[in-house]
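In what follows, a single structure is set out as structure tokens and then discussed.
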Amino acid sequence: MEAKKLRYEYFKDERDMDIARSALKKLLTISSIILSIFLCLCLFLAWNFYMFGITGSSMQPTLNQIVNGQEVKSHVYISRLTPVQRNDIFVLWRPTDPEHKQSTIIKRCIATSGDYVSLKKNQEGDYHVYLKKNGSNTIEMLEEDYIYSKEDWNSLASKEIIENGRKTEYDNGFYQLFIRDERIEIIVNNKESDTVKKLEDGDYYYKVPEGCYFYLGDHRGVSADARSFGIAKTEHIFGKVVVIYHDLGNAENRTQFYFRRASRLFDYIFDQIVTFFAWN
């Protein structure tokens, strides 16, 4: 009875009751907006970010690297909305699989629309990627510190690493530029066409068509990439890799692994938010 009495004493007239109702209504409205924003954010994160466990050796030593003779499994988060640029790692559907019935592949973007690209030996006899970027007047040799050096590769080959039932040699000509264009014509050397041009250094280069991407695996000797499947178009791209993390195996339990995985993703999201507001 005392509580009821105090209640009526507090709201002395109808005006006080209206003020209280208005405040409660505003509180509920704000709460609903915050909850809606939170739910939309969760749906956006679920739609935009995908997690992939990496299999195979085509992206070694960047992914699934060999440590003390054991392969360390890699995992990635990809963003479906982040545009792919040169040097980005991304997940794509195989261009030879228009119905997306086969598994996706993960590679590195080497060249984009309008770039001229060639894979050839330098003066020391080592294979490298040469690139003339769209709008540039110079041809540059890419400094790729993410691939096996010739010494590292020969060391691996001496340990009888077998790929596809055969020992793969570093210097086996696999670096030559063979592009399957539109899944019909295989463009080979010493002939100019709409997509193959002889540039000022006297060598033949492949011109990446508009809206397309030239991609390679970091483990060049064993990777099936643009040299096998052809160039990728925008519709082939599943998403750009934004977070890479490695399975430490027995060094951590599953709870620690899941926590580290989630923290890496939210660190990336936080960095993107900070960058956005810094630019604006």
Side-chain angles (χ1 to χ4, degrees), residues 46-64 71 73-119 129 131 144 146-147 162-166 168 172-189 193-196 205-244:
W47 177 83
N48 182 55
F49 293 103
Y50 278 74
M51 185 197 71
F52 285 88
I54 307 304
T55 59
S57 60
S58 70
M59 282 298 292
Q60 288 178 353
T62 305
L63 303 175
N64 288 357
E71 185 178 77
K73 287 295 182 182
S74 299
H75 306 262
V76 300
Y77 274 109
I78 64 103
S79 169
R80 300 179 67 179
L81 293 179
T82 308
V84 174
Q85 300 175 341
R86 300 183 196 93
N87 203 41
D88 286 341
I89 299 174
F90 68 109
V91 173
L92 69 151
W93 299 101
R94 305 181 190 207
T96 54
D97 177 32
E99 297 182 0
H100 301 170
K101 292 182 178 180
Q102 298 177 342
S103 60
T104 54
I105 56 177
I106 183 167
K107 305 296 173 183
R108 186 183 297 273
C109 178
I110 300 297
T112 57
S113 301
D115 292 346
Y116 288 89
V117 61
S118 183
L119 294 83
V129 176
L131 186 67
E144 300 181 288
Y146 44 78
I147 66 174
I162 306 298
E163 295 290 345
N164 300 322
R166 64 181 175 87
T168 307
N172 66 351
F174 204 70
Y175 278 67
Q176 295 177 17
L177 183 57
F178 289 85
I179 304 296
R180 181 176 296 159
D181 189 20
E182 302 295 329
R183 305 188 300 277
I184 298 175
E185 177 187 5
I186 297 180
I187 300 174
V188 295
N189 57 346
S193 66
D194 291 339
T195 52
V196 176
Y205 285 72
Y206 177 78
K207 183 179 181 181
V208 182
E210 186 67 28
C212 295
Y213 303 82
F214 178 78
Y215 56 96
L216 296 172
D218 289 353
H219 199 168
R220 300 287 159 76
V222 302
S223 174
D225 39 48
R227 297 166 295 182
S228 303
F229 303 127
I231 55 174
K233 298 179 180 179
T234 302
E235 57 263 31
H236 297 139
I237 295 178
F238 194 91
K240 170 186 169 179
V241 172
V242 294
V243 174
I244 298 174

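Just the heavy atoms: all of them, side chains too, but no hydrogens, waters or symmetry mates, feed the values below.
A cation-pi arrangement is present between Arg108 and Tyr146 under the rule of less than 6.0 angstrom and at most 45 degrees off the ring axis.
Between Arg86 and Asp115, at least one side-chain nitrogen of the basic residue sits less than 4.0 Å from a carboxylate oxygen of the acidic one, meeting the salt-bridge criterion. Using a 4.0 Å cut-off between charged side-chain N and carboxylate O, Lys107 and Asp225 make no salt bridge.
Here the closest non-hydrogen pair linking Thr55 and Lys73 is CA-NZ, 4.4 Å. Heavy-atom minimum distance, Ile106 versus Met59: O-CG, 3.4 Å. Across all non-hydrogen atoms, the minimal contact from Tyr215 to Gly230 is OH-O, 2.7 Å. Closest non-hydrogen pair, Ser113 versus Gly211, comes out as OG-N, 2.7 Å. Scanning all heavy atoms of the two residues, the minimum distance from Gly53 to His75 falls at CA-ND1, 3.7 Å. The two atoms that bring Pro95 and Ala232 nearest to each other are CG-CA, 4.2 Å, heavy atoms only.
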Step by step, work out the side-chain contact (heavy atoms from CB on, under 4.5 Å) result for Arg94 and Ser103. CA-CA 8 Å; Arg94 305 181 190 207; Ser103 60; 3.5 Å; yes
Give the C-alpha distance, both sets of side-chain angles, the deciding distance and a yes or no for side-chain contact (heavy atoms from CB on, under 4.5 Å) between Ile54 and Val76. CA-CA 8 Å; Ile54 307 304; Val76 300; 3.9 Å; yes
May I have the step-by-step check of side-chain contact (heavy atoms from CB on, under 4.5 Å) for Tyr206 and Ser118, ending in yes or no? CA-CA 6 Å; Tyr206 177 78; Ser118 183; over 6 Å; no
Report the C-alpha distance between Glu144 and Ile110 in whole Å, list the side-chain angles of each, state the deciding distance to 0.1 Å, and finish with yes or no for side-chain contact (heavy atoms from CB on, under 4.5 Å). CA-CA 10 Å; Glu144 300 181 288; Ile110 300 297; 3.8 Å; yes
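Within the 3.5 Å criterion, the main-chain N or O of Ser74 finds a donor-acceptor partner in the side chain of Asn64.
In this pair, Tyr213 and Phe90 present their aromatic rings tilted. The plane angle is within the 30 to 60° band. The aromatic rings of Phe52 and Phe238 stand perpendicular to each other, their planes meeting at an angle above 60°, with 30° marking the opposite boundary.
Rounded to the nearest 0.5 Å, atoms CG (Leu216) and CD1 (Ile147) are 9.5 Å apart. The structure places CD of Glu210 at 9.5 Å from OG1 of Thr112, a figure rounded to the nearest 0.5 Å. To the nearest 0.5 Å, the span separating CD1 on Ile89 from OG1 on Thr62 amounts to 5.5 Å. In this structure, OG on Ser57 lies 7.5 Å from CD on Glu71, to the nearest 0.5 angstrom. Here the CG atom belonging to Leu63 is positioned 7.0 Å from the CG atom belonging to Asp218, to the nearest 0.5 angstrom. Leu92 contributes atom CG, which lies 13.5 Å from atom NZ of Lys233 (distance to the nearest 0.5 angstrom).
In this structure, Glu235 places its CD atom where more than 12 heavy-atom neighbours from other residues, nucleotides or ligands lie under 6.0 Å away.
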